[in-house]
Amino acid sequence: DAMVIQNPRYQVTQFGKPVTLSCSQTLNHNVMYWYQQKSSQAPKLLFHYYDKDFNNEADTPDNFQSRRPNTSFCFLDIRSPGLGDAAMYLCATSAHKAPNQPQHFGDGTRLSIL
Amino acid sequence: RKEVEQDPGPFNVPEGATVAFNCTYSNSASQSFFWYRQDCRKEPKLLMSVYSSGNEDGRFTAQLNRASQYISLLIRDSKLSDSATYLCVGLLNQAGTALIFGKGTTLSVSS
């Protein structure tokens with residue numbers, strides 16, 4: 001059974017129209033991450049939550065925001081998607097913030113911008 | 001210089017072959033390393049953690065050389081199902097959050 005679940009698998013939105021991607025986890029992990037992966041590139045960390053503590057990467061555009069209303073759910077909000085935001089968005093979790101903790105990924109949401 | 005570098009390949013090998021991938025990292029303070037496998041248009045899946053002492057999981061062996069700052073993955077007796085992209089991943093801070101991915105090495109195993 002999937003333990004990190006992302007919905008939807010495919011999302012199409014219009015240029016400039018806000019969109020929200022969702023992630024839920026059944027692992028009860030403390031940390032949740034959002035990555036952006038463009039074609040033929042490595043996943044790039046956008047931000048993460050350690051419990052309710054939000055941590056933004058320095059180069060994450062202001063257009064990207066996140067919410068974590070409880071342990072199980074985390075949302076990625078893109079306020080005004082541009083063509084360059086078309087990518088696979090991956091949610092991941094880890095039990096703790098510790099050096100030896102691997103991250104477990106959801107299936108991803110592939111976002112297309114019209 | 002990129003923090004985690006891999007040869008993108010592709011590596012094209014026949015079934016049964018042994019293939020090795022190397023990965024180098026630039027930050028000597030890096031804490032932990034992993035190999036992830038990513039199939040086309042799918043999410044990365046953890047393959048194995050990498051320890052300085054080396055670790056083996058079936059046909060897969062991972063090694064970390066801190067002195068030379070490289071990580072290796074050896075796949076023995078390649079199967080068709082091993083065809084995928086293999087991502088070398090480093091955890092670059094004590095907080096355990098800066099998971100830095102290499103761009104991946106593509107492996108294609110043919111019959």
Side-chain angles (χ1 to χ4, degrees), chain A residues 2-7 9-10 21 23 25 27 29-51 53-60 86-112, chain B residues 2-10 21 23-53 55 57 62 64 66 71 84-106:
Chain A
M3 294 175 288
V4 182
I5 303 155
Q6 291 188 244
N7 283 304
R9 287 294 305 276
Y10 302 92
L21 310 182
C23 177
Q25 52 129 342
L27 298 163
H29 280 176
N30 285 327
V31 197
M32 294 186 78
Y33 309 80
W34 279 104
Y35 289 84
Q36 179 192 66
Q37 186 176 25
K38 295 188 177 181
S39 181
S40 302
Q41 294 186 24
K44 180 178 172 303
L45 183 64
L46 295 172
F47 26 57
H48 76 274
Y49 272 96
Y50 180 52
D51 285 338
D53 183 25
F54 176 71
N55 297 270
N56 204 30
E57 293 301 297
D59 56 354
T60 297
M88 171 80 95
Y89 289 87
L90 294 160
C91 173
T93 72
S94 64
H96 304 289
K97 283 204 308 184
N100 61 347
Q101 289 288 318
Q103 295 178 16
H104 303 275
F105 287 82
D107 290 342
T109 293
R110 188 165 293 279
L111 178 66
S112 300
Chain B
K2 291 189 172 56
E3 294 195 66
V4 177
E5 291 204 67
Q6 298 179 248
D7 179 348
F21 307 137
C23 164
T24 58
Y25 62 95
S26 58
N27 189 335
S28 59
S30 303
Q31 297 290 320
S32 305
F33 298 91
F34 309 94
W35 282 102
Y36 278 76
R37 170 196 168 126
Q38 187 170 28
D39 292 285
C40 189
R41 300 176 76 85
K42 294 284 190 72
E43 79 281 15
K45 283 190 162 74
L46 179 66
L47 182 65
M48 57 201 307
S49 301
V50 187
Y51 305 121
S52 296
S53 55
N55 50 312
D57 182 4
L64 166 62
R66 287 198 184 271
I71 304 109
T85 296
Y86 291 83
L87 299 164
C88 175
V89 185
L91 255 177
L92 298 181
N93 64 18
Q94 191 69 29
T97 54
L99 196 62
I100 305 298
F101 286 79
K103 289 185 74 172
T105 299
T106 299

*Heavy-atom closest pair, residues Pro44(B) and Pro43(A)*: CG-CG, 4.3 Å
_Distance, nearest 0.5 Å, that separates NZ of Lys42(B) from CZ of Phe105(A)_ = 15.5 Å
_From Lys45(B) atom NZ to Asp107(A) atom CG, the distance as rounded to the nearest 0.5 Å_ = 6.5 Å
*Do Glu43(B) and Met88(A) come within less than 4.5 Å of each other through their side chains, counting heavy atoms only?*
no
*Would you check if Tyr36(B) and Pro102(A) make a side-chain contact, meaning some heavy-atom pair closer than 4.5 Å?*
yes
*Who wins among Lys44(A), Gln6(A), Arg110(A) for the most heavy-atom pairs under 4.5 Å with chain B?*
Arg110(A)
*Got a sec: does the CZ of Arg41(B) have more than 12 other heavy atoms crowding it under 6.0 Å?*
no
